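Working notes for the structure below.
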Amino acid sequence: MHNIKDLRKNLDYYKKKLLNRNYNLNIDEFVNLDKDNRNLISKKEKLEQEKKILSKSKNKANFEKSKKISEEISRLNKDQALNKKKLDFILHTLPNLALDDVPIGKDEKSNKLIKKFGKIRDFNFTPKSHVEISSNEIDFETSTKLSGSRFVVLKNKLALLERALINFMLDVHTIQYKYTEVSPPLIVNEDVMFGTGQLPKFEEDQFEIKFNNSDQRKFLIPTSEVVLTNLVRDSFTKKDDLPLRFVASTPCFRREAGSYGKDTKGMIRQHQFYKVELVSVVEPKNCLIELDRMLDCAKKILDILEIPYQIVLLSTGDMGFSAEKTYDIEVWIPSENKYREISSCSSCGTFQARRMGAKYKINNNNEFLGTLNGSGLAVGRLIVALLENNQNEDGSVTIPDALKKYMNNLDKI
RNA sequence: GGAGAGGUGGCCGAGUGGUUGAAGGCGCACGCUUGGAAAGCGUGUAAACGGGAAACCGUUUCGAGGGUUCGAAUCCCUCUCUCUCCGCCA
């Protein structure tokens, strides 16, 4: 969410920057709503002041007058509330502005390749897809019966592999990079979803659950970014406690609405998948330094596992709603002969902190915090990448050295 | 599911219809004191919104919404959350 005062002052700038993100701000509409809003507030305040004075007088002669003013205030209140709602909807659905070094473009075609890492294997046989490699242990038949499409049942060594990868990644991030491990709730309320930007604009992507008969809405988290970032919501963090770094492995739940035809085979796109997520809370001026650090943490996993990947700087058209700058890590998938996203590391500046009311005190002033999030990494896709990149001609898969101790010392599966 | 208690400032905690934005304490900031620190003393210290270049001014806010009243943190209603006990259960 943007600072409305800043927006008001720099309308043309925002208009232009938002256009880069495929958002066409209707300046006239915004200005009118904003003006009306403030006029209504001024009018109301004048009356309130008048009323206050009359009340304090304790003079019965004034009581009747005061009553009339109350009625007028109540009318103005209703108008203003309605007006504010419209204004808020605009404000709440404006995406973050991209930083100046972000490439401008309509979609992923304008993303900028930063660097490739690792060596793509030269297979002397035709590499199989992960589904072919582990057809016995990746069971879509049963998952479909149980839950429908885009779910999977992992069995045996593949279930072990999932657990091993999670533990391995958590260890790297907590021990080597000093992230604080968190085991958060997977169900959150509406305010929390608003805080990180999933609501109100992307409601159709979320799983809302019937929790009880109360009006309070509840959602399954689409990523633990939502819970980890909101750990600092509605609070003041001490400057000395910054930066905060959180890591969690959680299941993530996504409707995947609007991706009906995409990635229907295999484990690439699921309604439910595990993801190890990194979140940092920092002083805003340190966002970009932290972004580099976070990217290093995520890359490290693939370096250790020796899986080839590339880093891509996302263009304005491909970035997420809350991000000001995003790097994707894309991992090599032999069966598709291309790179696929396995991590997305974003700086959100103060955009989310504004929505969450997450502040810190500096020189006795209250300032909004900077927040960042990144996958470190998506477990489902990492399984796919590992199986495919490490497959052997006989159908076995070699376990990387660093993972062996998490895999009961198996060399191959 | 049954019964009860409670949501007040960064935190703790007073306050039951009229200068209460709200006593007191803690914390924090600054100053005095000290060789330095601690202790002690003094002063200051909420947020949101609106106006203003700023100093500053105004309005709102005591879980949320509604009601009573000239006037509500205080009374009434609805909702919500937290805690305790019992029941049930991983």
Side-chain angles (χ1 to χ4, degrees), chain A residues 1-11 30-92 183-195 199-200 208-219 227 230-242 244 250-251 281 283 350-369:
Chain A
M1 193 163 70
H2 297 293
N3 180 346
I4 190 166
K5 286 179 187 167
D6 195 50
L7 176 53
R8 207 179 271 149
K9 273 187 206 147
N10 305 294
L11 279 167
F30 174 80
V31 167
N32 284 334
L33 284 170
D34 184 44
K35 253 188 207 150
D36 288 350
N37 188 243
R38 290 191 285 164
N39 282 337
L40 288 166
I41 289 172
S42 295
K43 266 192 208 165
K44 189 176 78 176
E45 287 184 352
K46 258 180 212 137
L47 291 174
E48 274 163 347
Q49 193 173 5
E50 210 175 312
K51 180 180 148 187
K52 207 170 181 177
I53 294 164
L54 291 178
S55 290
K56 279 196 178 145
S57 74
K58 295 189 205 172
N59 178 349
K60 283 209 169 164
N62 285 331
F63 289 175
E64 200 52 33
K65 206 170 168 188
S66 178
K67 201 168 181 176
K68 283 219 170 90
I69 290 175
S70 286
E71 284 165 12
E72 181 62 23
I73 288 174
S74 152
R75 248 196 308 279
L76 282 170
N77 255 334
K78 274 181 192 140
D79 288 352
Q80 196 254 335
L82 194 72
N83 193 276
K84 182 77 174 12
K85 210 172 161 186
K86 289 180 194 162
L87 183 64
D88 276 348
F89 183 77
I90 294 177
L91 204 57
H92 293 166
S183 176
L186 308 180
I187 295 172
V188 297
N189 62 38
E190 200 174 353
D191 293 341
V192 169
M193 292 289 271
F194 175 83
L199 294 179
E208 181 172 3
I209 62 169
K210 185 169 168 52
F211 192 78
N212 55 25
N213 292 322
S214 96
D215 292 338
Q216 170 102 242
R217 302 175 73 192
K218 305 270 191 192
F219 297 84
V227 245
N230 273 280
L231 289 177
V232 295
R233 73 170 292 113
D234 294 325
S235 71
F236 292 88
T237 303
K238 287 197 184 106
K239 183 170 176 272
D240 292 345
D241 290 340
L242 298 174
L244 299 172
T250 70
V281 179
E283 287 195 69
T350 58
F351 187 86
Q352 292 180 320
R354 260 207 180 81
R355 297 177 149 245
M356 296 190 297
K359 301 182 175 182
Y360 73 112
K361 263 194 167 48
I362 175 166
N363 301 331
N364 249 348
N365 285 325
N366 298 319
E367 301 284 350
F368 289 108
L369 289 160

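Model, not experiment: these values are computed from the prediction. Chain letters run A, B, ... following the sequence lines, proteins first and then strands; every chain starts at 1.
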Whole-angstrom distance between [N] and [M], as gauged at atom [atom1]:
N	M	atom1	result
G10(B)	A3(B)	P	36 Å
G25(B)	A64(B)	P	27 Å
U20(B)	C62(B)	C1'	10 Å
U16(B)	G87(B)	P	37 Å
G9(B)	G36(B)	C1'	36 Å
G42(B)	G51(B)	C1'	36 Å
G4(B)	C70(B)	P	35 Å
G13(B)	A73(B)	C1'	14 Å

What is the separation between atom [atom1] on [X] and atom [atom2] on [N], rounded to the nearest whole Å?
X	N	atom1	atom2	result
D234(A)	G9(B)	CG	C1'	15 Å
D88(A)	C49(B)	CG	C1'	12 Å
D191(A)	C81(B)	CG	P	12 Å
K35(A)	C49(B)	NZ	C1'	19 Å
R354(A)	C49(B)	CZ	C1'	15 Å
K85(A)	G65(B)	NZ	P	14 Å
L47(A)	C70(B)	CG	P	18 Å

| query | In which ranges does RNA chain B form stems of 3 or more consecutive Watson-Crick or G-U pairs, distances under 3.5 Å? | reply |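 Output for stems: B:1-7 with B:80-86, B:10-12 with B:24-26, B:27-32 with B:40-45, B:46-51 with B:56-61, B:63-67 with B:75-79.
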
Counting N and O atoms only, with roles assigned by atom type, does the side chain of [X] sit under 3.5 Å from a partner on the main chain of [Y], one being a donor and the other an acceptor?
X	Y	result
R233(A)	R355(A)	no
N77(A)	Q80(A)	no
S42(A)	R38(A)	yes

Taking atom types as modelled, is there a side-chain donor on N83(A) or D79(A) under 3.5 Å from an acceptor on the other?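 The answer is no; no qualifying pair exists.
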
Review point. Say you draw a straight line from CD1 of I4(A) to CG of N37(A); how long is it, rounded to the nearest 0.5 Å?
Key: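 Here the rounded value is 7.5 Å.
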
Check your understanding: Distance from I187(A) atom CD1 to F219(A) atom CZ, nearest 0.5 Å?
Key ->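 That separation rounds to 12.0 Å.
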
Next on the checklist: Counting only side-chain nitrogens and oxygens, does S70(A) get under 4.0 Å of the OP1 or OP2 atom of G71(B)?
Outcome noted: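 Affirmative; the distance criterion is met.
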
Query raised in the report: Which atom names give the shortest non-hydrogen contact between G357(A) and F368(A), and what distance separates them?
Result: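 Heavy atoms of G357(A) and F368(A) come nearest at CA-CE2, 4.5 Å.
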
Under a 4.5 Å cut-off applied to non-hydrogen side-chain atoms, are N230(A) and V188(A) in contact?
-> no

5'-most contact on RNA chain B (nearest-nucleotide basis), K51(A) vs F236(A), goes to F236(A)

### Query
Are the charged groups of R75(A) and E72(A) less than 4.0 angstrom apart, N to O?
yes

Categorize K359(A) for me: base, sugar-phosphate, or nothing, with a 4.0 angstrom heavy-atom threshold over every strand shown. sugar-phosphate

Protein-proximity profile, nucleotides 50-63 of chain B, B/S/- by nucleotide at the 4.0 Å heavy-atom cutoff, equals SS------BBS---

Partner residues of E367(A) under the salt bridge (Lys or Arg N to Asp or Glu O under 4.0 Å) criterion, sequence neighbours left out:
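Partners of E367(A) under the salt bridge (Lys or Arg N to Asp or Glu O under 4.0 Å) test: none.
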
